[in-house]
Amino acid sequence: MKINSVKLNNFRNYALAEIFFNDGLNFIVGKNAQGKTNLLESIYISSVGKSPKNSKDKQIIKFGESKAKIDINFLTNAGKKNIEIYLDKQNKKSIKINKLNVLKLTELVGCLSVVYFSPDELKLIKEVPEDRRTFLDISISQFDKNYLYNLIKYDKILRQRNAILKSLQSEQSKIEQLKLFTPQLIETAEKIILKRLEFIKNLAPIAADIHKQITLDETLEIEYSYKLKPGISINEDLTKISQNLLQKELELGYTCFGPHRDDLEFKINGLDCKSFSSQGQQRTVALVIKLSLMQVVYNEIGEYPVLLLDDVLSELDLPRQNRLLEFATKYQTLITCVNIPTTNLNYNKIEISNGSVV
Ligand SMILES: Nc1ncnc2c1ncn2[C@@H]1O[C@H](COP(=O)(O)OP(=O)(O)O)[C@@H](O)[C@H]1O
Ligand SMILES: [Mg+2]
């Protein structure tokens with residue numbers, strides 16, 4: 001995939017700007033607080049439909065304005081595409097793909113494929129399991145719409161099942177309803193878990209390989225918390241688990257098993273990264289995961305996503321910086337920095353100052 005241009009109107013600190021990109025390395029340079037991260041944010045929103053910082057639409061619109069627009073032109077294997085996102089303080093955002101209105105956010109996901117990395121992505125290693133599930137869900141949804149539909153379905157059944165568990169504390173009659181929702185939940189849970197296991201099985205060897213190339217002497221392992229058991233399907237296993245947990249669930253009033261509670265584990269040289277690795281090692285792992293995601297998505301859709309790297313260089317030592325940049329030239333990469341590092345590689349320079357291209 002290749003982004004040709006992004007036009008921003010009242011987006012963050014951009015009043016009106018149009019930015020053009022080349023293939024390969026694009027350095028977005030400028031002093032602090034000029035709009036470099038904001039530019040990458042606008043592209044991420046065009047891909048996933050929401051801000052990587054989880055900002056509300058209202059916060060994204062330029063201070064003092066009531067509407068904002070992102071207009072992005074890009075090229076895929078299927079031809080030229082255009083996405084327009086209209087943000088409005090009063091109304092829900094609206095989206096157009098190739099000038100046609102998009103009714104659901106699910107239609108947008110997967111249209112423009114990007115892989116995003118910023119210092120915040122360290123949360124993938126350091127923070128709560130929910131951050132790792134979000135990583136799995138956003139990554140897989142980029143190339144598998146069914147997975148996204150199953151997630152939405154699962155979430156709906158889960159909320160209904162939790163409501164029943166809660167009401168059972170006073171209304172015993174609802175036990176029949178619970179018997180109805182549990183197999184439905186398990187059926188969707190199985191699909192989600194199978195897909196996540198397959199994704200990790202594809203990602204793990206690629207990540208281990210890239211990690212070795214960048215660190216030279218460390219081994220990286222990635223494991224999903226749910227393990228397949230020989231001779232028993234996930235459905236049968238979860239059914240057993242749910243029977244064992246029922247009493248506890250009735251007391252607590254919510255569902256205690258399923259993919260909404262699963263997690264990922266990263267190990268360096270056999271040790272859990274969250275507890276034992278240095279900040280630098282954790283940052284490298286998070287970056288490696290994103291670089292390997294580029295390859296996994298390529299294997300799935302037949303083209304590389306656009307790589308968005310926010311503020312990564314300042315955090316890496318020189319040899320790691322150089323190896324990262326060599327990776328990045330293989331794709332269209334948009335990389336923000338305060339100073340462009342010395343390099344023999346070809347690149348395009350985009351200088352940003354106070355919400356404008358210099
Ligand atoms: N809704 C908004 N309207 C106008 N300016 C904003 C808005 N949100 C953030 N900003 C400004 O954008 C600037 C930060 O831009 P950012 O892209 O993060 O900078 P950097 O170039 O350092 O990456 C800050 O000065 C901030 O005040
Ligand atoms: Mg920034």
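Positions are given from 1, in the same order as the sequence printed here. Read the numbers this way: they start at 1 and go in the same order the structure lists the ligands and their atoms. This one's a predicted model, so the numbers in the text were calculated from it and none came from an experiment.
- Defined by atom type and a distance below 3.5 Å, a donor-acceptor pair is present between the side-chain atoms of N13 and N38.
- The backbone N or O of Q213 lies less than 3.5 Å from a partner atom in the side chain of R323, making a donor-acceptor pair.
- Around the NZ atom of K89, the shell of radius 6.0 Å holds more than 12 heavy atoms that belong to other residues, nucleotides or ligands.
- Contact atoms of ligand 1 toward I61: 1 (N), 2 (C), 3 (N) (distance under 4.0 Å to a heavy atom of the residue).
- Considering backbone and side-chain N/O atoms, N32 never comes within less than 3.5 Å of an N/O atom of ligand 1.
- Of the charged side-chain nitrogens involved, none lies within less than 4.0 Å of a carboxylate oxygen, so that K104 and E107 do not count as a salt-bridged pair.
- Residue, atom and distance of the protein heavy atom nearest to atom 19 (O) of ligand 1 are A33 CA, 3.2 Å.
- The Mg ion (ligand 2) has an N, O or S atom of T37 inside 2.8 Å of it.
- Classification of E265 and K274 as a salt-bridged pair fails, no side-chain N sitting under 4.0 Å from a carboxylate O.
- Those atoms of ligand 1 with a heavy atom of N13 less than 4.0 angstrom away are 4 (C), 5 (N), 6 (C), 12 (O).
- Between R196 and D137 there is a salt bridge, since at least one side-chain N of the basic residue sits less than 4.0 Å from a carboxylate O of the acidic one.
- In Q59, the part holding a heavy atom less than 4.0 Å from any atom of ligand 1 is the backbone.
- By the side chain to side chain contact (heavy atoms under 4.5 Å, CB included) test, N26 is found to be paired with F21, N22, Q332, L334, N348, I350, residues two or more places apart in sequence or in another chain being considered.
- There is a protein heavy atom closer than 4.0 angstrom to atom 9 (C) of ligand 1.
- In summary, K248 and E251 do not engage in a salt bridge, as defined by a charged side-chain N under 4.0 Å from a carboxylate O.
- Classification of E223 and K227 as a salt-bridged pair holds, one side-chain N sitting under 4.0 Å from a carboxylate O.
- Closest to atom 17 (O) of ligand 1, if we only count protein heavy atoms, is N38 N, 2.8 Å.
- The nearest heavy-atom contact from the protein to atom 7 (C) of ligand 1 is F63 CZ, 3.4 Å.
- Protein heavy atom in closest approach to atom 4 (C) of ligand 1: R12 O, 3.1 Å.
- Within the 4.0 Å heavy-atom cutoff, G35 counts among the residues contacting ligand 1.
- The shortest N or O to N or O distance between T37 and ligand 1 is under 3.5 Å.
- Numbered from 1 in the order shown, with element, the atoms of ligand 1 that lie under 4.0 Å from a heavy atom of I60 read 1 (N).
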